[in-house]
> 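The structure's right below; bear with me while I get my questions together.
For the single chain, residues carry numbers from 1 onward in sequence order. Quick caveat, the model's predicted, so the values are computed rather than measured. First listed ligand is number 1; within each ligand, the first listed atom is number 1.
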Amino acid sequence: MATTKTDPKLALTANGNKKTKFYEGLTREQLIQAYRLMYTSRRIDDREILLKRQQKIFFQMSGAGHEAIGVAAGLALKSGYDWFYPYYRDRALCLALGVEPYNMFLQGVGAADDPSSGGRQMPSHWSYPALHIVTQSSPTGSQILQAVGCSEGGRYFSRHPKAAEIPASAADYRQFKNVSFQGDEVTYVSLGDGTSSEGEFWEALNAAALGKLPVIFCVEDNGYAISVPVEVQTAGGSISRLVSGFPNFHFEEVDGTDPVASYAAFARAAKYCREGHGPAFVHAHVIRPYSHSLSDDERLYRPDTERERDAQRDPVTRTQMFLLREGILDDKGITQLEKEVEAELQIAVDRALEALPPAPESVMNFIYSPDIDATSSAFETQAAAEPPEGKDGKKPAAKTMADLITATLRDEMKRDERIVIFGEDVADCSREEYLRQKLVKGKGGVFKLTFGLQCEFGNDRVFNSPLAEAAIVGRATGMATRGLKPVVEIQFFDYIWPAMMQIRDELSVIRWRSNNGFSCPVVIRVAIGGYLTGGAIYHSQCGESIFTHIPGLRVVFPSNSLDAAGLLRTAVRCDDPVLFLEHKRLYRESYGRSAYPGPDYMIPFGKAKIVQPGTDLTVVTYGAVVPRALQAAQKLEREQGVKVELIDLRSLNPFDWDAIAASVAKTNRVLVAYEDTLSWGYGAEIAARIADQLFDKLDAPVRRVAAKDVFVAYQPILEDAILPQPNDLYLAMKELSEY
Ligand SMILES: Cc1ncc(C[n+]2csc(CCOP(=O)(O)OP(=O)(O)O)c2C)c(N)n1
Ligand SMILES: [Mg+2]
């Protein structure tokens, strides 16, 4: 660990010798270039502000005051080689990495040709795949964990270079994920001082320190988060002080309005990371001269005296003075440079104002992969022939859902070295020596579904994560952006919520918001559901409709072993993010066991299974309600002769509307049954759609059976009363059939 601190009150770093050729390693030409970039950045902000006032663009976010630290980072790091997760004030960094001003204006006007998003994102939400600038979102801080995952991805490929190759036979996501990596690459991520209060920031620092990862965290501290000053935001007022206890880090605290000192800080940080010592933290003191955004007026909460004090540290004016003082440029040279920039920006603005907007018909493009359609027949493969009978004439025992999920993971890991598995407790044993010395057998997950995988594939590929769900999903997202296929586990659905921001605002939308520039096809396996007699409130939750409501996320929910194997393989090989819901009660149930269908068995998403055909009533369900509904249907047929057609949806997003419509056209009566709470649940959408599109086919109202609108209680008598039981299903089916 090393710390370098520059007093932010010091004057701009200078050699005091006009004849010198280098300033902390920067040549005079590089300093002129740095000034050109800083000036360009500031003038783009000014132009955008004007355009916004003229209502020619729709939003403005300035990088003013942050130019020096941005340019310094751009000079110290390598565009298209290192990886970048900048935040919205990093305009100067992006310019230094090679983004054209024209492209920035294209984003402002929301043009079809805007390379960051094709008009989908606000300006200053950078995304430039060729430059390794990864698509940025608006939630402050959600980029930080992804940067950690990105750096882990680079390290993984360096250690497993064969994984980066694309086998000719790989009919899967790898065909569309070209991988590049460098042994000494660095990942840059930046954030504001306010954002350092987000929990994900701390999860990211912890993960980077644990893994000694080559990530540079840059906090651009302008003293405010909109109107909230740093002393209200950060205990003690200094983020440097708070993070100083993290091991394996190199720390820098620097005047971020001084490009030379900032460059030196970044150069030291990058060297430390490239040499493999661990992550670095650059705390840059900057200013924010243009209010938070155009929607904010800082005079409401900052007096003139304070604003004037800041203005004296303006990085653009200070750098100009520095060039003059050092004799690097004279007045004429400065004027000439500024004229050139103005002329360049005028051309860029004029061109951008003529750019065409995106076509309204394009809005649905790139929600999912345009390359691999996980609903297509390419994913409809036959199960291998049943294994032969043994010598005793008996068939081998049918396998549980838990067995087949493990078998599928094992076969996919053999087939594809890009698959990594991590989560809480998923490894056999983090202290490998215990396994080597055969002192322990290993755990492999609280439900043991990943048992044996670390021993077989090594702890690079199967490992325990800290207890931090946002970190699990955020890191996986960063890894998948680089071309890995993380198959992560959320131990209980009840604890998925810390990861919600990553799932809803990042994972599911990265492809769409970057206009197909980036993608992150992660698989999240989640143990879900109740009927556990004792699971209680926090080990029984469902809540799938909260996730089926998210565009861009595939949601599947198998009810039996064979479907679990087929759908999991599709999830792993496809090119979209998938939430794979595994019902805990079904893991080892005797219902729905089967033989392993072989290493290539797949089921396309969006195809329901007719569990039993019928003519009198349709029941649409999934998950643990399937065996309960079957039991009820069989009783109804025995007692009343009513033939129920039972549909197991298996995939919840997309879902098999055709199967529902065909069945309802035949039976004219339909019950939708699910384990989650009744109101606003998954069945509401199905029922609404049936009412809308199949109204003339119905002889009875659409009915639902689901859990009561309450949490799942511990005492089994209460649990039974809360969750839908076979008898509830039976009564509803009977009533509907008699309607
Ligand atoms: C998670 C989240 N919460 C709130 C906001 C609204 N918001 C946008 S910027 C901002 C302040 C950020 O301050 P800081 O991190 O210091 O960055 P600065 O803008 O000062 O550079 C807030 C509260 C947001 N975008 N994301
Ligand atoms: Mg701030």
> Under 2.8 Å from the Mg ion (ligand 2), can any N, O or S atom of Thr195 be found?
no
> Check each heavy atom of Tyr224 against ligand 1 and say whether those closer than 4.0 Å belong to the side chain, the backbone, both or neither.
backbone
> Report yes if the side chains of Val71 and Thr319 come closer than 4.5 Å at any heavy-atom pair, otherwise no.
no
> In the protein, which heavy atom is nearest to atom 25 (N) of ligand 1, and how far is it?
Ser138 O, 2.9 Å
> Got Arg91 and His66 here, is their nearest side-chain heavy-atom distance under 4.5 Å?
no
> Starting from atom 16 (O) of ligand 1, find the nearest protein heavy-atom neighbour and note its residue, name and distance.
Gly194 N, 2.8 Å
> Number the atoms of ligand 1 from 1 as they appear, then name those within less than 4.0 Å of a heavy atom of Asn222, with their elements.
18 (P), 20 (O), 21 (O)
> What atoms of ligand 1 come closer than 4.0 angstrom to any heavy atom of His292?
9 (S), 10 (C), 11 (C), 19 (O)
> Can a donor-acceptor pair be found between the side chains of Glu338 and Tyr35 at a distance below 3.5 Å?
yes
> Which residue and non-hydrogen atom of the protein lie closest to atom 21 (O) of ligand 1, and at what distance in Å?
Tyr87 OH, 2.7 Å
> Would you give the length of the straight line joining atom SG of Cys150 to atom CE of Met479, rounded to the nearest 0.5 angstrom?
10.5 Å
> Is any N or O atom of His66, backbone or side chain, closer than 3.5 Å to an N or O atom of ligand 1?
no
> Record the part of Thr140 in heavy-atom contact with ligand 1 below 4.0 Å; permitted values are side chain, backbone, both and neither.
both
> I'd like to know whether CD of Gln55 has more than 12 heavy-atom contacts from other residues, nucleotides or ligands below 6.0 angstrom.
no
> Does any donor atom in the side chain of Gln121 or Ser116 lie under 3.5 Å from an acceptor atom in the other side chain?
no
> Short check: is a protein heavy atom less than 4.0 Å from atom 4 (C) of ligand 1?
no
> For atom 13 (O) of ligand 1, which candidate among Ser142, Gly65, Ala225 holds the nearest heavy atom?
Ala225
> Can you label the angle between the His250 ring and the Tyr272 ring as parallel, tilted or perpendicular, going by 30° and 60°?
tilted
> Starting from atom 12 (C) of ligand 1, which protein heavy atom do you reach first, and at what distance in Å?
Tyr88 OH, 3.3 Å
> Does ligand 1 have any atom that is closer than 4.0 Å to a heavy atom of Arg288?
no
> With under 30° as parallel and over 60° as perpendicular, where do the rings of Tyr301 and Tyr224 fit, or are they tilted in between?
tilted
> Should you measure from each heavy atom of Pro139, which atoms of ligand 1 turn up under 4.0 Å away?
26 (N)
> Side chain or backbone of Glu220 under 4.0 Å from ligand 1, or both, or neither, by non-hydrogen atoms?
neither
> Using a heavy-atom cut-off of under 4.0 Å, does the side chain or the backbone of Glu198 touch ligand 1, or both, or neither?
side chain
> Which of parallel (below 30°), tilted (30 to 60°) and perpendicular (above 60°) describes Phe249 and Phe251?
parallel
> Given the Mg ion (ligand 2) as the apex, I'd like the angle to OD1 of Asp193 and OD1 of Asn222, rounded to 10 degrees.
90°
> Is the cationic atom of Arg47 (NZ for Lys, CZ for Arg) positioned less than 6.0 Å from the six-membered ring centroid of Phe105 and within 45 degrees of its normal?
no
> Is ligand 1 under 4.0 Å from a heavy atom in the side chain of Met501, in the backbone, in both, or in neither?
side chain
> Check each of Val228, Thr195, Ile226 against atom 10 (C) of ligand 1 and report the one with the nearest heavy atom.
Ile226
> Between Phe201 and Phe217, how do the two ring planes meet: parallel, tilted or perpendicular, split at 30° and 60°?
perpendicular
